[in-house]
Amino acid sequence: MQAPDIAAKRRKGLADALDRDAGTVEGTGGFVQRYYGGASLGGSARRASIDEQRRRLPAFKHRLQLLYAIETHLTTIVTGEPGSGKSTQLPQYLYEAGWAADGKAIACTQPRRVAAAMLAQRVADEMGVELGTTVGFSVRFSDASDPQATRIKYLTDGTLVRECYADPLLSAYSVIMVDEAQDRTIATDTLLALLKKVQRKRRGDLRVVISSATLDAERLRAFFGRDDTATVSISGQLFPVDTQYLDAPCENYVTAAVETVLRIHELEALGDILVFLPGKDDIAAAISQIEDLAYANERLASLLPLPMHAGLSVDGQRVALEPASAGVRKAIFATNVAETSVTIDGVLYVVDCGFVKQRLLDPATGLDRLATIPISKSSARQRAGRAGRTQPGKVFRLYTHAASGSSLFPQHDVPEVCRLPLAPMALTLKALGVDNLARFDYVQPPPPALLSHALEALASLGAIDAQTGSLTQGFGLHLVELPLDPPLGACLLNSVRRFGCVREALAAVALLSLGETPFVAPSGRQAEAREDWRDFMAREGDVLTRVNALLGYQDTPARARQQWCRTHFLSSRLLDQATRVSRQLEGYLVRFGHSRSELASSCGRDASLLQKCLVSGLFANAARRDGAAGGSGYRLLRGGAAADIHPSSVYFAEDARPEYVIFASAMATTKTYIQGVTAIEPEWLTELAPHYFSASQAAPSRPHPTN
DNA sequence: GAGCACTGC
């Protein structure tokens, strides 16, 4: 139960807050209050205008209703469109109402780091405090919070889950607001499930607020218990969006998108167009179609097609965000980044192809697929909303009205726990004392096949005991702490324990955890780039080649790195991030008690040490040349699926390909491609993963049964 | 022979 004096203080705080304001607020549920005053806290003109702005936000009308709901219910679900101010205002209302009065803090979690940092900055500005004092944030690589002073703390949900390791009851917080819950990421779902457990243990002392744009509210109410859960809906600041559909299904959404853009440009008032397409190939195709047409058509000179996807450099993204010159209409061809992560101002028209690329693990084959699938109805609404941010807009859906209502488009997205590899989540839950993952109280239970896949993977790495299912001392416990996929974490731990190649392993693991290759050439300069890249190339494969690039980058003085990347056609964004990751990982190894000299170990000229080190974690990703199929392809040792070398690999253009390889990832798109490929000797598999491979041939034996 | 959506610790 809530300590009486604290609750009383808070109620007084609520009353004080009411006393400061002026006008009449009306909430639903019969909770109508008069409020007085109007003095701003700071008294300066700037503060007064900030207060004015805060009052104009839709959330303000629901302020008392929200505070009342949170005061009287353990869990409150808040739905509201973007622009309603819930992410910035609700934590402030709670603070003003005294929820942080007794030394506890109010947490607000976000799925993405930039969002957490930006929100904290804005709220600090609104409250007139220095960021990192009363208002702070904590995300990977950046902590601007002070345990003594911070009362409103923005974090990523992954960071808060990690705080559970040190403080399983999250006792530093009185209220935890989980924002953007509609994303249903693994981290969000994990956090929600943990919060339900913590709420029970803290016996009414922790309030949970779940906020979301378009939420499966009923599911969450049922999960947290209908009696203890309130629902509040806040209207957004969106303008009406007129929706248009095709009369008949289109054959090709790229052509249809281009045609629609041209028609808008021809017929509609000036205003930018945002086009949603599934991938960057489609984006490039659409843009080049428009550019080709523009040669022959002068009227298209005032139409500026631009790409927007996560693979672009910061500068590349900025071009699409900047306003076009007078009289020019931007047509931004974007992937899903523009649905959630990036907000583009000035968009009046949205063109939505109705598809998205989504990653999913096929439990039958154990292979990742990147599939182009119809979007959910929630996602369609979200995309449409991008046209109505500043004035009434229009959305052109590249499918028929009949299809839009049909089951072709599911109501909501499939949450990540139902489609992605779960080994990292399984490790987290084990570390937090969840012994039986099959019986855990999930927001939405994952398919059993995904769970057993994860448990088998963890057992084969030695992270959990195959018989008891509990984390192994030392290895398993360290693996939990590392911010890495378990196989990569295993490589890193083994590099210091067994192989003495920490310098290279840090680089390799950091690069592989980011997934992409740093070798990126602008179109048209491929040949020139390939020539330059020869200096980095290693016979042993992609990983050593990328390691060479990263170590070269790190050996370059910081101020010269950008230029160095430009001359060598390398992604400085990726290499910079990999550098930060490897530094953070090194910090973990220090914390685990490894000495400076252990961490300085290098394999020097003996690349086989690093190769073996990679095998020790990635052994499940082994493949052998497929002689029967003509020799250029591979066959996975686990499952036996056919696979090809990804075009980004150093082996793609090679005739002499190694007989046995391990790879960082396999992904089925048009074909199954393996990526991040390293040559190995087959006997390393039986030497380093004898439990996984039978000694006679390098083929997997059945993994140990688990749990 | 020719390509990977998006996050996060």
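Order of the sequence lines sets the chain letters (A, B, ...), proteins ahead of strands, with each chain counted from 1.
Heavy atoms of A:Ile186 sit nowhere under 4.0 angstrom from any nucleic acid atom. Residue-level contact check: A:Ala310 touches the backbone only, with heavy atoms under 4.0 Å from sugar-phosphate atoms and none from bases. Backbone-only contact: A:Thr669 has heavy atoms under 4.0 Å from sugar-phosphate atoms and none from a base. In this structure, A:Val356 reaches neither bases nor backbone, as no heavy-atom distance under 4.0 Å exists between it and the strands shown. Within the nucleic acid shown, A:Val161 has no heavy atom closer than 4.0 Å to any nucleic acid atom. Residue A:Glu516 is classed as having no contact, given no heavy-atom separation below 4.0 Å to the nucleic acid. Among the protein residues, A:Ser513 comes within range of the nucleic acid bases, having at least one heavy atom under 4.0 Å from a base atom. Residue A:Arg112 is in sugar-phosphate contact alone, with no base atom involved, counting any heavy-atom pair closer than 4.0 Å across all strands shown. Using a 4.0 Å heavy-atom cutoff across all strands shown, A:Thr670 reaches sugar-phosphate atoms only and no base atom.
For DNA chain B, the contact window with chain A, defined by any atom under 4.0 Å from a protein heavy atom, covers B:dG1 to B:dC9 in 5' to 3' order.
Residue A:Thr185 holds its OG1 atom at 10.5 Å from CD of A:Glu180, rounded to the nearest 0.5 Å.
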Cut-off 3.5 Å, no hydrogens considered: what does the side-chain donor-acceptor table look like for residues 108-117 of chain A, sequence neighbours left out?
from, atom 1, to, atom 2, distance (Å)
A:Gln110, NE2, A:Asp179, OD2, 2.9
A:Arg112, NH1, A:Asp183, OD2, 3.2
A:Arg112, NH2, A:Asp183, OD2, 3.0

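With 3.5 Å as the limit, one finds no donor-acceptor pair spanning the side chains of A:Thr150 and A:Asp146.
Of the two residues near DNA chain B, A:Thr517 and A:Gln577, the one whose nearest nucleotide lies more 5' is A:Thr517. Residue A:Lys280 is the one, among A:Lys280 and A:Arg113, whose nearest nucleotide of DNA chain B lies closer to the 5' end (criterion: closest heavy atom).
For residues 333-343 of chain A, the salt bridge (charged side-chain N to carboxylate O under 4.0 Å, His left out) pairs, not counting sequence neighbours, are A:Glu339-A:Arg383.
Annotation: cation-pi pair A:Arg580/A:Phe141 present, NZ/CZ under 6.0 Å from the ring centroid and within 45° of its normal.
Remark: aromatic rings of A:Tyr399 and A:Tyr253 are distant, center separation not under 6.0 Å.
A heavy-atom distance below 4.5 Å is found between the side chains of A:Leu599 and A:Glu586.
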